[in-house]
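What follows is a single structure, written as structure tokens, with notes after it.
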Amino acid sequence: MISIVVADDQGMVRAGFRSLLEDVPDLRVVGEASDGEQAMEVVRRLRPDVTLMDIRMPVLDGIAATSRLVGEGTPSRILVLTTFDLDEYVFEALRAGASGFLLKDAPAEELVAAIRVVASGDALLAPGVTRRVIDAFVRLPAPRPASSDPEVSALTPREREVLALLGRGLSNAGIAGQLFVSDATAKTHVSNVLGKLGLRDRVHAVIYAYEHGLVVAGDPTIDGPPSRG
């Protein structure tokens with residue numbers, strides 16, 4: 001059973017999510033919050049598997065609440081929900097430590113699938129989100145060379161290739177196809193990269209790859225279904 005906290009400042013939205021999710025046998029809404037500070041209190045107390053976090057909330061917004069919870073080491077995986085399909089929100093939510101980003105008007109089955117994905121320890125990263133992260137990096141100062149970072153230097157040449165492919169938004173199957181290896185081998189390489197760099201999940205591997213110069217803005221991204229572990 002996957003336990004869920006719903007954080008949204010609109011009561012009707014929370015009620016709608018609760019009604020929708022409680023019809024799914026393996027999902028259970030265990031708590032609600034109407035602002036960011038309340039969300040932090042509820043998540044700390046209930047320790048849900050997944051927190052559905054709205055971005056625009058009073059007192060404390062969802063991005064700040066996400067950042068603080070992740071910084072505290074919360075075991076809850078945070079799936080950010082918003083009606084605002086804007087670059088800066090996507091980028092800020094991912095930088096804050098969210099494990100996924102989904103628009104509120106996504107189909108119900110997509111929401112349920114997203115909850116299961118992040119609850120399993122994977123991250124929800126659609127190619128469209130990858131492109132927004134790339135666009136955000138276009139507006140940032142040039143990244144430092146990867147060779148200057150001891151963590152990156154500790155990666156094997158193949159692991160650096162895998163990190164660069166993660167930065168382009170490839171799934172494990174996509175990485176396997178690019179490197180002519182099995183899906184299982186690609187998954188092992190991804191796990192090794194995340195472990196060596198201390199990255200929470202593949203969403204943050206994308207950010208890391210751009211911040212450290214392993215991928216540059218303008219490199220192609222891969223269209224296709226959402227990337228996940």
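For reference, positions follow the sequence shown, starting with 1. All values reported here derive from a predicted model rather than from experimental measurement.
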Exercise. Do any pairs count as a side-chain hydrogen bond (donor to acceptor under 3.5 Å, both in side chains) and have a residue in residues 59-74, sequence neighbours left out, and if so which ones?
Worked result: Arg44-Glu72
For this session: Find out whether Arg47 and Val43 are in side-chain contact, i.e. whether some heavy atom of one side chain is under 4.5 Å from a heavy atom of the other.
Result: no
Exercise. Same cluster for Leu103 and Ile78 if Ile/Leu/Val/Met/Phe/Trp/Tyr side chains link at under 4.5 Å?
Worked result: yes
Exercise. Does a donor on one side chain and an acceptor on the other come within less than 3.5 Å for Ser182 and Thr185?
Worked result: yes
Exercise. Are Val59 and Ile63 joined in one hydrophobic group, where the rule is that I, L, V, M, F, W and Y side chains link up if heavy atoms are under 4.5 Å apart?
Worked result: no
Problem set entry | Residue pair Val29 / Glu22: nearest heavy atoms and the distance that separates them | O-OE2, 3.8 Å
Exercise. Are any non-hydrogen side-chain atoms of Asp54 and Val80 less than 4.5 angstrom apart?
Worked result: no
Seminar exercise, completed: Separation between CG (Asp35) and CD (Glu41), nearest 0.5 Å, reads 10.5 Å
For this session: Give a yes or no on this: more than 12 heavy atoms of other residues, nucleotides or ligands lie within 6.0 Å of atom CE of Met1.
Result: yes
Exercise. Is a side-chain N or O of Thr188 found less than 3.5 angstrom from the main chain of Ala184, in a donor-acceptor match?
Worked result: yes
For this session: Tell me, with the steps shown, if Arg160 and Val152 meet side chain to side chain contact (heavy atoms under 4.5 Å, CB included).
Result: CA-CA 7 Å; Arg160 287 168 65 102; Val152 175; 3.1 Å; yes
Problem set entry | Chi angles and distances behind the side chain to side chain contact (heavy atoms under 4.5 Å, CB included) call for Val162, Val190 | CA-CA 7 Å; Val162 169; Val190 170; 3.9 Å; yes
Exercise. Heavy-atom distance under 4.5 Å between the side chains of Leu81 and Leu111, does that happen here?
Worked result: yes
For this session: For Ser3 and Asp49, run side-chain hydrogen bond (donor to acceptor under 3.5 Å, both in side chains): C-alpha distance rounded to whole Å, both residues' side-chain angles, the deciding distance at 0.1 Å, then the answer.
Result: CA-CA 5 Å; Ser3 58; Asp49 298 311; 3.1 Å; yes
For this session: Mark yes when over 12 heavy atoms from residues, nucleotides or ligands other than Arg28 sit less than 6.0 Å from its CZ; otherwise mark no.
Result: no
Exercise. So do the side chains of Leu60 and Met40 get within less than 4.5 Å of each other, counting heavy atoms only?
Worked result: yes
For this session: Without swapping roles, check the side chain of Glu110 against the backbone of Ala106 for a donor-acceptor pair under 3.5 Å.
Result: no
Exercise. Looking at Ala173 and Asp183, what are the two nearest heavy atoms and their distance?
Worked result: CA-OD1, 3.8 Å
For this session: Look up atom CE in Met53 and atom CZ in Phe101, then write down how far apart they are to the nearest 0.5 Å.
Result: 13.5 Å
Exercise. How close do Ser76 and Thr51 get, heavy atom to heavy atom, and via which atoms?
Worked result: OG-OG1, 2.8 Å
Exercise. Taking atom CG of Leu52 and atom CD of Glu32, what is their separation to the nearest 0.5 Å?
Worked result: 10.5 Å
For this session: Any chance you could measure Phe17, atom CZ, to Leu27, atom CG, to the nearest 0.5 Å?
Result: 12.5 Å
Exercise. Which atom names give the shortest non-hydrogen contact between Lys196 and Ala154, and what distance separates them?
Worked result: NZ-O, 3.6 Å
Problem set entry | Atom pair CG/CZ of Asp8 and Arg56 - distance to nearest 0.5 Å | 13.0 Å
Exercise. Just by distance, do the side chain of Ser120 and the backbone of Val117 share a donor-acceptor pair under 3.5 Å?
Worked result: yes
Seminar exercise, completed: Minimal heavy-atom distance between Leu179 and Glu161, with the atoms involved, is CD2-OE2, 3.6 Å
Exercise. Pick from Leu79, Leu102, Val24: which one makes a side chain to side chain contact (heavy atoms under 4.5 Å, CB included) with Ile115?
Worked result: Leu79
For this session: Begin from the C-alpha positions of Gln10 and Ser34 and carry the test side chain to side chain contact (heavy atoms under 4.5 Å, CB included) through to its verdict.
Result: CA-CA 7 Å; Gln10 297 184 46; Ser34 59; over 6 Å; no
Exercise. Got a salt bridge between Arg116 and Asp26, using NZ or NE/NH1/NH2 to carboxylate O under 4.0 Å?
Worked result: yes
Exercise. Closest approach of Val30 and Leu46, non-hydrogen atoms and distance?
Worked result: O-CD1, 3.4 Å
Exercise. Can you tell me how far CD of Glu159 sits from CG of Leu194, rounded to the nearest 0.5 angstrom?
Worked result: 10.5 Å
